Amino acid sequence: MTVRTVSMMWSVAAATVLAGSSLVACSQVAQIGGSQPCMPPPFSLSEESTSPGGSLTVQAEDADCDPRYGENAQIHLEVVDSSGAKIVELQAPMNDAGGFSANLTLPETAAPGQATVSAYPYSLDWCDDTGRNNRVGSPERFGTPEIQRVSCVMPAVPLTITP
């Protein structure tokens, strides 16, 4: 055998060992947190449009996975009007599975036009591009390393504010 052949054999062997240890590490991470991909459930509005001073309900059914938000979980709701002003910001109760129903009243000063309503779990690291449930593997609950929040798209739906 040539030196090049032996070198290639060692490279393949090392890569195989590294790949195998990565798979074990990934499965251990999943077992520690016991979580499967589970993002917040989609939400909807009772009205597609309303006027300044009008009200609507924002709601979501329970997730079809097990997000485990906890018994004191809250949903953070925001409405941004067409001028870019945040006109509503509040927290409302949310159940362990992510279901909620909250009533919002727009201020009289809401700018007419296309607005955006967003809703996401309050004070929880729900956003992870891998789809893992970061709350389940939290250091407080399992002693695992803290996971830092990563970028993702804010869950939002359009709302038309009529004059």
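Quick caveat: nothing in here was measured; it's all calculated off a predicted structure.
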Test your reading of the model: is there a side-chain donor-acceptor pair from [X] to the backbone of [Y], 3.5 Å cut-off?
X	Y	result
Asp81	Ala111	yes
Asp62	Gly98	no
Asp96	Gly70	yes

Note to self: So Val88 and Pro107, do their side chains get closer than 4.5 Å, heavy atoms only?
What the structure shows: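 A side-chain contact exists here, since the closest heavy-atom pair is under 4.5 Å.
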Next item on the list: Apply side chain to side chain contact (heavy atoms under 4.5 Å, CB included) to the pair Ser49 and Thr162, showing each step before the final yes or no.
Entry: CA-CA 7 Å; Ser49 65; Thr162 58; 4.2 Å; yes
Check: When you look at CD of Gln91, are more than 12 heavy atoms from neighbouring residues, nucleotides or ligands closer to it than 6.0 Å?
Finding: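 Yes.
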Item checked: Greater than 12 external heavy atoms within 6.0 Å of Gln114's CD ->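 Correct, the count exceeds 12.
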Any chance you could measure [X], atom [atom1], to [Y], atom [atom2], to the nearest 0.5 Å?
X	Y	atom1	atom2	value
Gln74	Asn95	CD	CG	13.0 Å
Glu61	Ser101	CD	OG	9.0 Å
Leu56	Thr105	CG	OG1	8.0 Å
Ser123	His76	OG	NE2	11.0 Å

Next item on the list: Please test Ile161 against Ser82 for side chain to side chain contact (heavy atoms under 4.5 Å, CB included), starting from the C-alpha separation and ending with a verdict.
Entry: CA-CA 8 Å; Ile161 300 175; Ser82 63; over 6 Å; no
Margin query: Classify the ring geometry of Phe100 against Phe43: parallel below 30°, tilted from 30° to 60°, perpendicular beyond 60°.
Written below: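 Tilted, since the angle between the ring planes falls between 30° and 60°.
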Checklist line | Heavy-atom pair with the smallest gap, counting every atom of Pro52 and Glu108 | finding: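 Residues Pro52 and Glu108, closest heavy atoms: CB-O, 3.4 Å.
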Notebook entry, point to check: Are Val80 and Tyr120 in one and the same hydrophobic cluster, where Ile, Leu, Val, Met, Phe, Trp and Tyr link if side-chain heavy atoms are under 4.5 Å apart?
Noted result: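 They do not share one cluster, since no chain of ILVMFWY contacts under 4.5 Å joins Val80 to Tyr120.
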Note to self: Hydrophobic cluster membership, with links at side-chain heavy-atom distances under 4.5 Å among I/L/V/M/F/W/Y: are Leu77 and Leu159 in one?
What the structure shows: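 Per the 4.5 Å side-chain linkage, Leu77 and Leu159 are co-clustered.
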